[in-house]
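Everything on this sheet refers to the single structure shown next.
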Amino acid sequence: MELSKRYQPTEVEAKIHRYWEEGNFFRAAVGVVSKVPFSIVIPPPNVTGRLHMGHALNNGLQDVVIRYRRMKGDEACWFPGTDHAGIATQNVVEKSLAKEGLTRHDLGRETFVQRVWDWKAKYGSEIIEQLKALGCSCDWSRQRFTLDEGLSRAVREVFVRLYEEDLIYRGAYLVNWCPRCETAVSDLEVEHEDIDSGLYHIRYPLEEGGHVVIATTRPETMLGDTAIAVNPDDERFAHLVGKTARLPILDRELPIVGASDVDPEFGTGVLKITPAHDPIDFEIGRTHNLESINILNNDGTINENGGPFAGMDRETARKDVVERLKADGLLEEVVPYRHAVGHCERCSTAIEPLISTQWFVRMRGLADAALAAVKDGRIEFVPERWTKLYNDWLENIRDWCISRQLWWGHRIPVWYGPDGHAFAAHSPEEAAEKAHAHYGETVALNQDEDVLDTWFSSWLWPFSIMGWPDESEDLKAYFPTDFLLTGFDILFFWVSRMIMASLHFMNDVPFRTVYITPLIVDAQGQKMSKSKGNSVDPMELMKEYGADALRLALAHATSKGRTMRTPTTQLDDARNFLNKLWNVTRFVLMHTGDARPGAPDTVDALEDRYILSRLSETTKTVREHFEAYNFNLAAEALYSFVWHDYCDWYVEIVKPRLASDESAKGVLYHVLRDIVKLLHPIVPFITEEIWQVLGEEPESISRAAYPEARASDRDAETQMAALQEIVTGVRTIRADLNVPAKAQPTAKVSVASQPLIDALKANESAIRAMTNTGEWSFGPDVDPAPGSARKVLACGQLFVDVADMIDIEAEKVRLQGELKQAKKDLAQASGKLSNENFLKRAPEDVVQKERSKQAEFAQKVERLEANLSSLGT
RNA sequence: GGGCGAGUAGCUCAGCUGGGAGAGCAUCCGGCUUACAUCCGGAAGGUCACAGGUUCGAGUCCUGUUUCGCCCACCA
């Protein structure tokens with residue numbers, strides 16, 4: 001087959017992608033698994049999602065792991081799927097409705113939900129297609145959706161069980177309310193942002209005359225005030241406890257209570273209490289049995305409790321309240337003040353805390369079990385430092401508000417009787433039965449209108465995806481999973497909750513290792529976001545560079561820090577590298593033709609021994625790095641082996657032998673074949689393409705066995721290092737002394753080791769080619785031509801006869817530079833060795849090493865001086 | 001307010017349990033060498049943020065300072 005001079009990723013990837021689809025190579029065994037199972041569940045992307053850099057990184061790395069394991073011989077199964085993403089998806093569809101001038105209420109619940117399903121059918125597979133384009137080797141036959149029938153069954157099962165165990169309860173508590181989405185959201189869905197606003201100092205008249213001044217950032221909430229609180233230990237105000245004040249504007253009577261939560265240092269030291277709209281006030285209200293007055297409608301406008309302000313939106317009400325206070329002479333001052341205000345994660349609207357009846361999960365017990373699982377090592381975080389954050393969150397966990405006033409999602413499986421009694425059930429029929437048993441007769445039931453938080457289905461993902469609550473074959477074979485890889489942004493939302501759910505329902509951890517990836521930031525180090533317009537579209541990068549280049553660049557750039565920059569120059573590097581791989585394949589095929597030489601049993605030539613040794617070392621290193629999830633180090637080891645050891649040195653040295661030497665071809669080919677296999681987990685497309693071109697077995701490289709490391713060959717590597725030093729030495733001399741490019745000086749090497757001399761002699765033509773030199777002589781005691789340029793080597797000395805090509809003075813300057821450096825090195829080594837404490841306390845091997853260094857440098861200095869004097873002064 | 005991460009060559013970063021400062025890109029110089037100019041060869045470039053400390057020895061361990069970034073948080 002004729003290969004193009006440049007690697008063309010786009011064509012190849014499309015072709016290979018089809019090949020994988022048709023070949024079902026990523027299908028994992030069902031039922032009895034004879035190999036060691038290794039499973040991963042994908043963090044399900046939102047159906048509304050498009051691939052972003054975070055996805056590309058995370059799924060690229062998961063694919064590296066799963067492909068490595070598959071080749072290593074495990075029964076590797078990567079379970080894919082998508083998340084219905086309640087609020088996010090509902091918002092998307094509502095927005096498209098808005099363009100038609102409609103709201104979901106115009107359609108009604110059923111029609112609206114159908115619209116979302118239609119939307120999902122049309123657009124929901126986009127991200128899956130993008131993952132496939134990235135090369136993800138998921139078992140697509142096992143793809144699931146968090147709102148499909150099976151997972152919905154799991155959700156109902158879990159809800160009912162938790163309800164029966166009293167771990168789910170319903171009640172009126174202070175929750176985070178988004179007036180735009182008109183739903184409650186959990187604490188985690190609130191993003192805090194610092195806002196410049198004012199601290200309003202308001203006078204509250206006292207019944208006994210006079211007034212107290214209260215500072216607030218939300219003056220409109222005074223409409224819901226039902227008390228005033230002071231710290232009972234605060235001398236200034238303690239005497240007021242038990243007295244009453246009057247609420248300005250609405251003229252409500254407000255008891256003054258003592259509460260130690262009040263910080264005398266903050267504001268005026270007096271706190272207005274609005275139990276319906278503030279978390280602290282809510283608590284104080286409960287302990288003092290205060291009335292709660294909700295002043296807000298669901299859309300954030302003031303309700304009938306707001307008196308003259310009823311019907312206004314929040315902002316207007318705030319201004320008007322302030323105006324009114326000012327007019328009444330009750331506003332003392334407004335102090336500029338910057339503080340954190342909660343915003344809806346999905347729509348950035350300011351969150352209003354308010355009292356609302358919602359469903360909650362009792363988290364304490366679940367969290368304790370999850371803490372224990374990490375503490376005793378059943379689950380391990382990589383990098384380890386994330387453990388602390390996980391622990392902190394779980395130790396301070398609060399109950400989870402799981403009900404949402406949305407339509408898109410799992411409807412809460414609770415039915416209410418005429419008197420409001422709740423029946424949690426798997427189905428309407430079961431609810432009816434339960435109700436019948438309870439009331440002794442058939443009654444009309446109404447299902448709860450709300451749906452569950454999206455995360456209430458995804459926290460079950462690692463086992464619901466395998467068919468739970470059935471005792472499925474997959475659960476037996478693949479649960480618990482081995483590895484989870486995700487970003488830290490969903491550590492609380494998802495990771496910790498999966499651990500809790502798994503421990504509770506499966507009595508086991510969901511996964512053993514959690515790898516937390518860094519956050520990808522833009523080239524300037526800024527967080528990428530749509531609104532900033534600085535996000536990078538990985539699909540664009542894949543179009544330009546290819547999926548493999550993107551994967552390699554990301555794997556290579558992955559560090560264990562908290563952030564990593566989106567690759568830029570690394571993409572060029574990766575593309576260039578793949579082109580290099582492609583071209584060396586062309587080179588190898590040029591020489592092997594259709595022959596597919598087997599791996600040679602024994603080799604004699606130095607370069608063959610060397611490259612096989614390096615291959616072994618690299619194989620060992622790469623395997624270790626993959627096992628430890630050091631993706632960047634694995635990529636680096638492969639990059640440097642392929643480019644430098646194989647292409648730059650081995651191929652160049654072996655060239656003269658390729659015309660006739662079959663064993664050379666064998667080694668050349670064997671190493672390439674291993675290289676392709678070693679690289680496959682990171683760059684699957686190009687390696688599969690090469691595999692096909694080579695016509696190797698098995699059919700797909702994705703099912704080939706990952707290379708095993710053999711013994712390394714120290715002697716060969718040492719001798720090769722000497723050869724490399726000689727070649728580099730000549731090149732340096734040529735460059736430093738401006739030897740004309742066409743000139744072919746003769747050269748001599750003086751070395752003591754006879755085996756090395758033999759190896760060098762065997763490679764003379766290669767050395768000549770690599771250095772563009774004429775005749776060489778190698779021996780223990782060569783006689784340099786007068787005026788030769790000289791280089792002191794670790795193994796001996798190099799002489800290049802450039803006498804009539806260069807300026808002798810230039811060579812003197814060069815040698816003097818080297819002498820200076822050698823003297824410096826010698827002085828440093830000698831200095832250390834003359835330190836008694838060093839000799840006394842440093843380990844013997846370190847001292848030995850220092851001694852040989854000293855000897856080496858001393859010899860170098862001596863030789864350099866001799867060389868200099870031979871050039872005359 | 002609490003916590004975490006980063007600060008190493010012009011840029012992006014690697015440096016595991018402390019023992020002669022590395023890579024890629026960019027720069028400069030030389031090469032169209034028959035796999036590759038997305039290439040080949042060579043060179044230059046660093047008080048490892050700062051200040052102390054431990055040690056025979058610190059980029060690596062400890063303390064403090066500082067700059068940047070992020071996460072968490074019910075001081076109204």
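These numbers come from a predicted model, not from an experiment. Naming: A, B, ... by sequence-line order, numbering from 1 per chain.
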Nearest of [options] to any side-chain atom of [X]?
| X | options | value |
| --- | --- | --- |
| A:Glu652 | B:A73, B:A35, B:C56 | B:A35 |
| A:Val846 | B:A35, B:A73, B:G19 | B:G19 |
| A:Ile280 | B:A35, B:A76, B:G42 | B:A76 |
| A:Ala842 | B:C71, B:G19, B:C39 | B:G19 |

For [X], what residues pass the salt bridge (charged side-chain N to carboxylate O under 4.0 Å, His left out) criterion, not counting sequence neighbours?
| X | value |
| --- | --- |
| A:Glu332 | A:Arg203 |
| A:Glu818 | A:Lys791, A:Arg814 |
| A:Asp522 | none |
| A:Lys543 | A:Glu540 |

Legend entry - Flag if over 12 foreign heavy atoms under 6.0 Å of CD, A:Glu836: no
Inset, instruction - Could you list all the salt bridge (charged side-chain N to carboxylate O under 4.0 Å, His left out) pairs where at least one residue sits in residues 566-579 of chain A, not counting sequence neighbours? - result: A:Asp572-A:Arg575
Legend entry - Any pair counted as salt bridge (charged side-chain N to carboxylate O under 4.0 Å, His left out), so long as it reaches residues 546-559 of chain A, sequence neighbours left out: A:Asp63-A:Arg551
Inset, instruction - Summarise how protein sits on nucleotides 2-13 of chain B as a single string, 5' to 3': B when a protein heavy atom is under 4.0 Å from the base, S for sugar-phosphate-only contact, - for no contact. - result: -BBS------SS
Legend entry - Bracket string, RNA chain B, 5' to 3' - pairs by Watson-Crick or G-U geometry under 3.5 Å, | interstrand: (((((((..((((.....[..)))).(((((.......))))).....(((((..]....))))))))))))....
Inset, instruction - State which residues pass side-chain hydrogen bond (donor to acceptor under 3.5 Å, both in side chains) with A:Lys665; sequence neighbours excluded, sorted by chain then number. - result: none
Inset, instruction - Output the residues of residues 737-745 of chain A in contact with RNA chain B, where contact means a heavy atom of the residue under 4.0 Å from an atom of the strand; sort by number or write none. - result: A:Lys742
Legend entry - Sub-4.0 Å heavy-atom contacts from residues 259-267 of chain A onto RNA chain B, ordered by number: A:Val262, A:Asp263, A:Phe266
Legend entry - Below 4.0 Å: OP1/OP2 of B:A35 and any side-chain N or O of A:Thr585: no
For a quick test of your reading: what N or O donor-acceptor pairs under 3.5 Å do the side chains of residues 4-11 of chain A make, sequence neighbours left out?
| from | atom 1 | to | atom 2 | distance (Å) |
| --- | --- | --- | --- | --- |
| A:Ser4 | OG | A:Arg6 | O | 2.4 |

